[in-house]
Number of protein chains: 2
Amino acid sequence: MPELPAAADQSHLEDSDHSQCQSILQLLDRVGDKWTILLVGTLADGPVSYNTIMRDIGGVSHRMLISTLRGLERDGIVERRALATAPSNVEYELSPLGRSLIGPLEEVMKWIRKNQQLIESARSVFDAEANPKLM
Amino acid sequence: MPELPAAADQSHLEDSDHSQCQSILQLLDRVGDKWTILLVGTLADGPVSYNTIMRDIGGVSHRMLISTLRGLERDGIVERRALATAPSNVEYELSPLGRSLIGPLEEVMKWIRKNQQLIESARSVFDAEANPKLM
DNA sequence: CCGGATCCGGCTAGATACTG
DNA sequence: CAGTATCTAGCCGGATCCGG
């Protein structure tokens with residue numbers, strides 16, 4: 001079983017403050033992950049089948065989608081249900097825990113959509129100042 | 001100028017839907033970034049000097065801190081002010097745009113702190129079910 | 001003290017091919 | 001269709017040295 005999250009790498013065990021911190025950093029990686037945020041967004045409205053997800057999220061590879069879903073399932077954020085239909089089909093949906101994540105992440109998405117233009121122009125200005133000659 | 005964000009890799013230019021999407025994905029990486037989230041948190045209370053940041057955030061390397069700060073400065077989220085003191089000193093603070101990010105990210109941090117235990121036990125359960133023999 | 005540049009090992013994630 | 005396994009290139013990030 002390769003490729004599951006890799007969990008605990010802390011070699012020399014550390015005092016509780018540090019391991020507490022480690023755990024938070026780990027969760028930041030999970031929750032802040034690009035695909036996690038997008039995935040929670042597409043699952044927010046109810047159960048969705050695998051290929052629908054694949055279609056809805058542009059630019060995610062098969063491999064990344066599967067492994068992100070596994071990770072979220074492991075963390076108790078999504079639930080997986082295999083339907084016994086003729087062409088095999090699988091549905092994913094948010095658990096209650098996962099649904100409680102919608103609010104916070106939706107805030108972040110709203111912020112991004114609202115400030116997208118602003119940030120892009122800030123980048124242009126910054127790049128121009130840093131490299132006036134190249135413009 | 002190595003190592004700045006790398007901005008635009010899209011070779012064959014794409015229709016506006018796709019480039020729009022690309023831009024959002026990019027911002028997700030910036031905003032969802034572990035160090036970004038922690039950094040906005042420590043800058044939330046006002047201007048902070050470089051070494052204070054370094055001390056406050058455990059486990060960040062010099063290189064990552066500098067490059068994250070550069071990226072955030074480029075995006076107009078933090079402002080950098082070099083003080084003309086004897087041992088040179090630099091302060092960073094959130095721009096108005098950066099301050100508007102505090103709310104959304106604070107929501108995420110609250111969610112993490114609240115559900116940390118829950119997630120860890122979900123992981124244990126999942127791992128036990130997946131590998132009953134190894135337990 | 002701040003921060004840029006370089007080197008380099010390890011991990012990430014895409015492509016691909018194979019199972020049920 | 002859903003999922004797994006293998007191979008591989010490219011990036012990320014830590015260590016380190018230098019220069020302001």
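Every heavy atom of this structure was used, including side-chain atoms; hydrogens, water molecules and symmetry mates were not. Residue numbers begin at 1 in each chain, while the letters A, B, ... track the order of the sequences.
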For [X], check side-chain contact (heavy atoms from CB on, under 4.5 Å) against everything at least two apart and list the hits.
X     : value
B/S95 : B/E79, B/L97
A/R99 : A/L94, A/P96, A/I102
B/V48 : B/L43, B/T52, B/I53

- Message: Let's see if you can work this out: which of C/dG3, D/dA2, C/dC2 has an atom nearest to the side-chain heavy atoms of A/N89?
- Response: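 Minimum distance to the A/N89 side chain belongs to D/dA2.
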
- Looking at the side chain of A/N51, which of C/dC2, D/dA2, D/dG3 is the nearest nucleotide?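 Within the option list, the nearest is D/dA2.
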
- Identify the residue among A/L28, A/V108, A/L25 that makes a side chain to side chain contact (heavy atoms under 4.5 Å, CB included) with B/I37.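 Of the listed options, the one satisfying the test is A/L28.
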
- Looking at five pairs on each end of the helix from C/dC1-D/dG20 to C/dG20-D/dC1, what is the angle between the two axes, given to 10 degrees?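 Computed angle between terminal axes is 40°.
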
Quickly work out the [X] [atom1] to [N] [atom2] distance and round it to whole Å.
X     : N      : atom1 : atom2 : answer
A/D29 : C/dT12 : CG    : P     : 10 Å
B/R81 : C/dC2  : CZ    : P     : 15 Å
B/K34 : D/dG13 : NZ    : C1'   : 10 Å
B/L25 : C/dA13 : CG    : C1'   : 15 Å
A/E91 : D/dG3  : CD    : P     : 12 Å
B/L69 : C/dG3  : CG    : P     : 8 Å
B/R70 : C/dC2  : CZ    : P     : 12 Å
A/L83 : D/dG3  : CG    : P     : 11 Å

Just list the side-chain donor-acceptor pairs under 3.5 Å for residues 82-90 of chain B, sequence neighbours left out, or say none.
| unit_1 | atom_1 | unit_2 | atom_2 | d |
| --- | --- | --- | --- | --- |
| B/T85 | OG1 | B/P87 | O | 3.0 |

- Query: Do any pairs count as a salt bridge (charged side-chain N to carboxylate O under 4.0 Å, His left out) and have a residue in residues 33-54 of chain A, sequence neighbours left out, and if so which ones?
  - Reply: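 For residues 33-54 of chain A, and leaving out neighbouring residues, the salt bridge (charged side-chain N to carboxylate O under 4.0 Å, His left out) pairs sorted by first residue read A/K34-B/D29.
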
Check nucleotides 14-20 of chain D for protein N or O atoms closer than 3.5 Å to its own N or O atoms and list the pairs.
| unit_1 | atom_1 | unit_2 | atom_2 | d |
| --- | --- | --- | --- | --- |
| D/dG14 | OP2 | B/S61 | OG | 2.5 |
| D/dG14 | O6 | B/R63 | NE | 3.0 |

- Any side-chain heavy atom of B/Y50 within less than 4.5 Å of one from B/L69?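 The answer is yes, as the side chains (C-beta and beyond) meet within the 4.5 Å cut-off.
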
- Query: Under the salt bridge (Lys or Arg N to Asp or Glu O under 4.0 Å) test, which residues partner A/R81, sequence neighbours left out?
  - Reply: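 A/R81 satisfies salt bridge (Lys or Arg N to Asp or Glu O under 4.0 Å) with A/E93 once adjacent residues are dropped.
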
- Message: Which residues pass the side-chain hydrogen bond (donor to acceptor under 3.5 Å, both in side chains) test with B/Y92, not counting sequence neighbours?
- Response: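 Here no residue qualifies.
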
